[in-house]
2 protein chains.
Amino acid sequence: MRRLSLYLRSLEELERAGVATVSSQELASRGGTTAAQVRKDLSHFGSFGKRGLGYGVPHLAGELRRILGLSRSWRVALVGAGRMGAALFEYPNFRDRGFRIVTVLDQDPEKVGKEWGGIVIRDVEGLESVLREVRAEIAILTVPGEVVQEVVDRVVDAGIRAILNFAPVRLRVPPGVVVNDVNMALELEALSFALARGARGR
Amino acid sequence: MRRLSLYLRSLEELERAGVATVSSQELASRGGTTAAQVRKDLSHFGSFGKRGLGYGVPHLAGELRRILGLSRSWRVALVGAGRMGAALFEYPNFRDRGFRIVTVLDQDPEKVGKEWGGIVIRDVEGLESVLREVRAEIAILTVPGEVVQEVVDRVVDAGIRAILNFAPVRLRVPPGVVVNDVNMALELEALSFALARGARGR
DNA sequence: TACTTTTTGTGAACGTTTTCACAATCCCCT
DNA sequence: AGGGGATTGTGAAAACGTTCACAAAAAGTA
Ligand SMILES: NC(=O)c1ccc[n+]([C@@H]2O[C@H](COP(=O)([O-])OP(=O)(O)OC[C@H]3O[C@@H](n4cnc5c(N)ncnc54)[C@H](O)[C@@H]3O)[C@@H](O)[C@H]2O)c1
Ligand SMILES: NC(=O)c1ccc[n+]([C@@H]2O[C@H](COP(=O)([O-])OP(=O)(O)OC[C@H]3O[C@@H](n4cnc5c(N)ncnc54)[C@H](O)[C@@H]3O)[C@@H](O)[C@H]2O)c1
């Protein structure tokens with residue numbers, strides 16, 4: 001359920017603003033959906049509200065964090081210290097939400113050994129042992145599309161079961177491993193489609 | 001239809017490999033879907049295949065490019081010359097697919113006037129006139145979440161009708177303007193959810 | 001306590017998307 | 001030229017997701 005994250009984001013805003021309770025109506029308008037949708041989504045995981053009153057903001061936020069697995073922090077390995085990898089590494093928002101990059105790996109001898117904010121870039125050569133050593137649980141892959149499948153096979157071998165992939169390539173993984181893709185080209189093409197459609201009929 | 005882009009990507013691979021025709025079955029397995037799905041998707045826009053034979057690879061690729069609006073090139077404005085903006089600017093894949101970044105804008109006086117690969121970073125102060133001057137059609141926004149709504153209002157004023165937003169903020173736009181979000185934190189949270197779910201029941 | 005107001009939780013209705021199944025069509029081979 | 005094998009295009013069925021509508025519950029009011 002992708003919308004739970006959005007609700008959590010709204011709840012955190014409300015928490016900071018010191019609001020005590022919120023109705024499904026209010027959550028819906030902030031999340032860009034409907035009140036019935038919010039209630040259905042939440043009721044799927046339990047009964048968190050009080051009839052006539054709404055949902056307790058800190059309580060619901062806590063429940064959502066628990067459901068989403070965000071009440072703990074996750075150990076993340078970043079493979080590919082290129083431009084995209086650097087942007088992600090320096091982005092503070094991930095760490096704030098419980099995703100800690102604990103190691104960075106690359107193939108380029110120019111980059112291996114360099115230090116990024118206290119973390120030394122390791123050689124991808126020793127990927128399996130490094131990932132086990134740092135007990136990484138999630139891998140973010142910002143390597144070129146030509147090599148990403150090979151890297152995937154190795155991180156899966158190293159025991160990783162969750163992967164965030166930036167290469168525009170469909171990955172093959174064994175059952176039990178979750179892959180999410182971030183495909184910006186696809187989003188741009190969706191815009192192109194909408195503009196082209198708008199310019200023609202409808 | 002988001003899947004059309006995926007089919008096109010497969011078709012381009014097949015084109016490079018010199019394959020002449022492809023069946024819905026083959027396209028489906030490459031795109032991670034089913035043969036019936038591929039045929040339904042395509043039949044919605046016309047009848048592009050030959051029964052008993054499959055689809056002509058170059059022909060179908062051409063049709064998909066036309067449908068997706070990729071047979072022309074689009075003029076893109078990049079607002080926010082930070083880390084993410086820099087990674088996107090240097091990424092050759094977008095230009096190859098017909099998205100040409102024609103101007104870059106930022107607020108920081110340190111950055112304004114600098115040159116990035118032949119393009120001078122302009123001051124966001126003059127956003128409306130710059131966007132009209134370069135005839136931008138799509139805006140990519142890589143500015144901080146605190147200011148993104150203000151920037152959106154201005155690019156819409158400047159005539160932009162398609163926006164790719166990287167800030168983790170829900171944008172409000174008038175009807176007729178399309179917004180796509182790239183929300184990496186959300187993708188990470190989906191991984192966290194899957195891992196937490198896997199560790200508990202099911 | 002009884003009545004009113006508010007808002008949840010949820011079965012049922014509705015709409016959309018996916019899958020199924022098969023006749024129609026095309027190429028190829030003899 | 002005609003039959004065989006392959007694969008599309010597409011209605012119909014099934015699955016899935018969203019919206020509706022309302023009884024049940026909570027809290028305030030008198
Ligand atoms: N830059 C962008 O804006 C952008 C946008 C969308 C998608 N992507 C995708 O993200 C990925 C990375 O893009 P980028 O722009 O950062 O590229 P980049 O060339 O700047 O970085 C790639 C890095 O991966 C390293 N690398 C290569 N092979 C490796 C291997 N086998 N193991 C470990 N590291 C290896 C390289 O040394 C380099 O540091 C690509 O797949 C690209 O398609 C990038
Ligand atoms: N870096 C990442 O990996 C990452 C990941 C996900 C989302 N994002 C989002 O992308 C956006 C940019 O992130 P970043 O890491 O590049 O930040 P950044 O601070 O490196 O860059 C932001 C840039 O925007 C400019 N800017 C500020 N206000 C502006 C304005 N009003 N008009 C024009 N330019 C302005 C700044 O001068 C700066 O150059 C943020 O919204 C962030 O949440 C970034």
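Here the structure is a predicted model, which is why all the values come from computation and not from measurement.
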Exercise. To the nearest 0.5 Å, how far apart are CG in Leu88(B) and CG in Asn93(B)?
Worked result: 11.5 Å

For this session: On the 0 to 90° scale, with breaks at 30° and 60°, tag the Trp116(A)-Phe89(A) ring pair as parallel, tilted or perpendicular.
Result: tilted

For this session: Mind calculating the distance between CG (Leu4(A)) and P (dG17(D)) to the nearest angstrom?
Result: 13 Å

Exercise. How many Å lie between CZ on Arg2(A) and P on dG17(D), as a whole number?
Worked result: 13 Å

Exercise. Does dT7(C) have OP1 or OP2 sitting under 4.0 Å from an N or O in the side chain of Ser24(A)?
Worked result: no

Return a table of donor-acceptor pairs under 3.5 angstrom between the side chains of residues 159-169 of chain B and protein atoms on other chains or two or more places apart.
| from | atom 1 | to | atom 2 | distance (Å) |
| --- | --- | --- | --- | --- |
| Arg161(B) | NH2 | Gly176(B) | O | 3.4 |
| Asn165(B) | OD1 | Ala167(B) | N | 2.9 |
| Asn165(B) | ND2 | Ala167(B) | O | 3.0 |
| Asn165(B) | ND2 | Val169(B) | O | 3.3 |
| Asn165(B) | ND2 | Asp181(B) | OD1 | 2.7 |

Problem set entry | Intermediate values then yes/no, salt bridge (charged side-chain N to carboxylate O under 4.0 Å, His left out), Glu12(B) and Arg97(B) | CA-CA 11 Å; Glu12(B) 286 173 343; Arg97(B) 292 199 141 267; 2.7 Å; yes

Exercise. Near DNA chain D, under 4.0 Å by heavy atom, which residues of residues 53-64 of chain B?
Worked result: Leu53(B), Gly54(B), Tyr55(B)

For this session: By nearest nucleotide on DNA chain C, pick out whichever of Gly49(A) and Thr34(B) is the more 5' one.
Result: Gly49(A)

For this session: Measure the distance from CD on Gln25(A) to P on dT8(C) and round it to the nearest whole Å.
Result: 9 Å

For this session: Measure from the side-chain heavy atoms of Ser23(B) and tell me the nearest of dT19(D), dG9(C), dT7(D).
Result: dT7(D)

For this session: Write down the distance between NE2 (His44(A)) and P (dT8(C)), rounded to a whole number of angstrom.
Result: 19 Å

For this session: Check whether the side chain of Lys50(B) and the base of dT25(C) form a donor-acceptor pair under 3.5 Å.
Result: no

Exercise. With sugar-phosphate meaning primed atoms plus P, OP1 and OP2, does Thr33(A) contact a base, only sugar-phosphate, or nothing at under 4.0 Å between heavy atoms?
Worked result: nothing

Exercise. Could you state the CZ-P distance from Arg51(B) to dA24(C), rounded to the nearest angstrom?
Worked result: 9 Å

Exercise. Is there a side-chain polar atom (N or O) of Arg39(A) under 4.0 Å from OP1 or OP2 of dG9(C)?
Worked result: no

Exercise. Would you call Gln25(A) and Arg39(A) a side-chain contact if the rule is heavy atoms closer than 4.5 Å?
Worked result: no

For this session: Determine yes or no for a side-chain-to-main-chain donor-acceptor pair under 3.5 angstrom, with Trp74(B) supplying the side chain and Gly69(B) the backbone.
Result: yes

Exercise. Atom NZ of Lys40(A) and atom C1' of dT10(C): how far apart are they, to the nearest Å?
Worked result: 6 Å

Exercise. Between dG9(C) atom P and Asp41(A) atom CG, what is the distance in whole Å?
Worked result: 12 Å

Problem set entry | Under-4.0 Å side-chain N/O to phosphate OP1/OP2 contact, Gln37(B) with dT19(C) | yes

Exercise. Taking OP1 and OP2 of dG9(C), is either one under 4.0 Å from a side-chain nitrogen or oxygen of Ser47(A)?
Worked result: yes

For this session: Check whether any side-chain N or O of Arg3(A) sits under 4.0 Å from OP1 or OP2 of dT18(D), and answer yes or no.
Result: yes

Exercise. To the nearest Å, how far apart are Leu27(A) CG and dG9(C) P?
Worked result: 12 Å

For this session: Verify whether one side chain among Gln149(A) and Asp153(A) offers a donor that lies under 3.5 Å from an acceptor in the other.
Result: yes

